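In what follows, a structure is listed as structure tokens, so that the remarks can point back to it.
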Amino acid sequence: MNNAFYKTAKELSELGYEKLPSELKNAEHLIYSSPATLSFNSPGAKGFGVKRAGLAVPDSVMLLVSPGCCGRNTSLFRAQPEYRDRFFFQLLDDTDIVTGRHLTKIPQACEEMLEALKKNHEAVSEEPYQNPSAIMICITCVDALLGTDMERVCRKVTEKTGIPSVACYMYALTREKRLPPMSAVRTSVYSLLEKCEKRNSADVNILGYFTPLFESSELYPLLKSIGVKNIRELSKCQNFEEYKELSKANFNLVLNLETRAAAQDIQERLGIPFIEMLRLYRPEKIRNQYRLLGQALGVTFDDEKYYLETRNTIDSFKEKYGRLKFAVGEIQKGDALEMALMLAEEGFQVKEVFATVGELNFVFLKRLAEISPDTLIYSNMSPTMLFYEQEDVDIYIGADCQYYHPDKPGIEWCDDNEPFGYDAVTKLFERLEICLKENR
């Protein structure tokens, strides 16, 4: 009888990271794109895939250079009002793919794109037309296989149009490499920043996400409490002038490890150092992280109020609902294994986790194995998930879990805004309580 592959937390911990089963390594088997994973595993990914992320630069436009099969999904984004005049296509035919002749056409295609933008603007507005701030050229696996020198192509586009041009690489082939697509595109969107001689000592950039943190996050008042005057985020830049203000920061606060390469590039080019923080859901670890951040900055953060509010929220939830049985997925705003560890430490039962096990979160897995050794660990993208059979759970967290447990209550935890710190934990348990009340 066929079954979905899994290992218990204890079994994986005993094997060690270097000896993980091949079923849990996406690079060693065919990838199963179930409805549970299509939202992050397809060219038309929901949220911020490479194409949408590349347009995080305010007032920019994108030329997608690809075969029709890669470009068709972009029409979903282009239909949204905010992207309607920002996506353009250069479709490749078989001859282009074989000979690479499309590369000589890209500068001309960009000129035609600018002409179309100007014509459309003049047809509907009497305001003076302004060129885009940048041209983002998005290319696919075709050019990865051809070994295209996109820096040279972008220089040609800039010479032809007078507008800065930057490459965005939608290379699924590099997903398991040192610089996967979503890390590379973060480097691209910050590459237009230029060195600023007058840097403000009280300015900080928050790097990592393409949407802002919840305004209720304690990170804002805590930074203000130590004298920070301006806290900037890419997602809050309304125009290119505000984008350029990012270069005035005294330091960058990196909240997503996929942004490390971008932060390193900014440090090398602009001389802006960076400090990393993780999105965690264990209150004691959040508290320790703020302590370490304070040590790095030579200050002390008074986070007692936020810590106690979070502990009260968790304790109140536990008192009302007892030892609930959880399923935890990975399509959500958090690391599935770290969140599962938090739930187990708080006394809940974690029946199963759908997760990609990496070197970083293996640390969470080892601790989870100590307190919840029988928790089942599944790989969403293993073909064996075709045979998954439901576990007995009370509630789930994660959009992928909704597919596996359609008849159970749960939350997707995929807000447009980004949860972080104590505020993330508080909101998580508040959402869980709302869900349970609605499903009584």
Side-chain angles (χ1 to χ4, degrees), residues 1-15 20-26 29 31-41 281 317-318 320-358 361-362 364-414 428-429 431-436 438-440:
M1 179 176 178
N2 292 318
N3 295 295
F5 178 86
Y6 67 82
K7 287 287 185 183
T8 66
K10 180 182 179 181
E11 288 171 333
L12 289 179
S13 178
E14 290 175 346
L15 284 171
L20 283 178
S22 60
E23 289 86 350
L24 296 178
K25 297 179 181 179
N26 297 334
H29 58 73
I31 292 176
Y32 169 51
S33 287
S34 74
T37 60
L38 277 176
S39 63
F40 75 96
N41 190 40
Y281 283 86
F317 184 89
K318 289 194 291 187
K320 291 178 183 176
Y321 300 104
R323 296 189 74 242
L324 292 174
K325 292 176 286 187
F326 276 87
V328 181
E330 63 182 331
I331 305 180
Q332 44 114 330
K333 296 297 178 72
D335 182 282
L337 288 169
E338 196 272 337
M339 185 175 287
L341 175 56
M342 177 273 291
L343 293 169
E345 288 179 338
E346 294 295 342
F348 299 104
Q349 301 176 68
V350 182
K351 301 292 289 185
E352 61 185 6
V353 182
F354 304 94
T356 300
V357 182
N361 63 8
F362 194 80
F364 306 138
L365 176 65
K366 290 182 68 175
R367 173 60 182 155
L368 180 64
E370 294 174 7
I371 56 179
S372 183
D374 295 328
T375 294
L376 308 182
I377 312 297
Y378 292 92
S379 170
N380 260 324
M381 290 188 280
S382 169
T384 66
M385 290 303 288
L386 281 165
F387 311 109
Y388 171 81
E389 294 183 0
Q390 283 193 33
E391 293 291 328
D392 179 26
V393 302
D394 297 317
I395 192 168
Y396 64 78
I397 301 172
D400 45 340
C401 289
Q402 188 177 44
Y403 171 72
Y404 297 121
H405 297 283
D407 57 341
K408 297 291 184 179
I411 60 173
E412 293 189 2
W413 197 235
C414 292
L428 175 71
F429 280 96
R431 297 282 180 85
L432 289 170
E433 183 162 6
I434 291 170
C435 173
L436 289 169
E438 290 177 346
N439 285 274
R440 278 181 176 174

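In this text, all values refer to a predicted model and were calculated from it rather than measured experimentally. For this chain, numbers begin at 1 and follow the sequence in order.
Pairing each heavy atom of Tyr404 with each of Gln390, the nearest pair is O-CG, 3.3 Å. Looking at every heavy atom in both residues, Met339 comes nearest to Gln332 through CE-OE1, 3.3 Å. Nearest heavy atoms, Thr356 versus Asn361: O-ND2, 3.1 Å. Scanning both residues, Pro21 and Phe5, for their nearest heavy atoms gives CB-CZ, 3.7 Å. The heavy-atom pair separating Ile377 from Leu337 by the smallest distance is CD1-CD2, 4.1 Å. When every heavy atom of Ser372 is checked against every heavy atom of Ala9, the shortest pair comes out as O-CB, 3.9 Å.
In this structure, Lys351 contributes its side chain and Glu391 its backbone to no donor-acceptor pair below 3.5 Å. Glu352 places no side-chain N or O within 3.5 Å of a backbone atom of Leu376 that could act as its donor or acceptor partner. Proximity of a side-chain donor or acceptor of Asp400 to a complementary backbone N or O of Glu330 within less than 3.5 Å is detected. With hydrogens and angles ignored, the 3.5 Å screen pairs no side-chain donor or acceptor of Glu389 with any backbone N or O of Asn3.
Within 6.0 Å of the NZ atom in Lys10, the count of heavy atoms belonging to other residues, nucleotides or ligands does not exceed 12. More than 12 heavy atoms of other shown residues, nucleotides or ligands fall within 6.0 angstrom of atom NZ in Lys25. Heavy atoms from other residues, nucleotides or ligands lying under 6.0 Å from CZ of Phe364 number more than 12.
Looking at heavy atoms from C-beta onward, Leu428 lies out of side-chain contact with Phe317 at the 4.5 angstrom threshold. Phe326 has its side chain within reach of Ile395: a pair of non-hydrogen atoms, C-beta onward, lies under 4.5 Å apart. Considering only heavy atoms from C-beta on, Ile397 comes within 4.5 Å of Leu343 through its side chain. Between Lys318 and Phe348 the shortest side-chain heavy-atom distance falls below 4.5 Å.
Ring centroids of Phe354 and Tyr388 are separated by less than 6.0 Å, placing the two rings close together.
Ile331 contributes atom CD1, which lies 11.5 Å from atom OH of Tyr403 (distance to the nearest 0.5 angstrom). A distance of 9.0 Å separates CD of Glu23 from OG of Ser379, quoted to the nearest 0.5 Å. Between the CE atom of Met342 and the CG atom of Asp335 there is a distance of 11.5 Å, given to the nearest 0.5 Å. The distance from atom OH of Tyr396 to atom CH2 of Trp413, rounded to the nearest 0.5 Å, is 14.5 Å. To the nearest 0.5 Å, the span separating NZ on Lys408 from SG on Cys401 amounts to 13.0 Å. Atom OH of Tyr378 is separated from atom OG1 of Thr384 by 9.0 Å, given to the nearest 0.5 angstrom.
Glu345 and Arg367 are joined by a salt bridge, as a carboxylate oxygen and a charged side-chain nitrogen come within less than 4.0 angstrom of each other.
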Working note: Leu324 + Leu432, criterion side-chain contact (heavy atoms from CB on, under 4.5 Å); need CA distance, chi angles, decisive distance, verdict.
CA-CA 11 Å; Leu324 292 174; Leu432 289 170; over 6 Å; no
Starting from the C-alpha separation in whole Å, work towards a yes-or-no answer on side-chain contact (heavy atoms from CB on, under 4.5 Å) for Thr375 and Val328.
CA-CA 11 Å; Thr375 294; Val328 181; over 6 Å; no
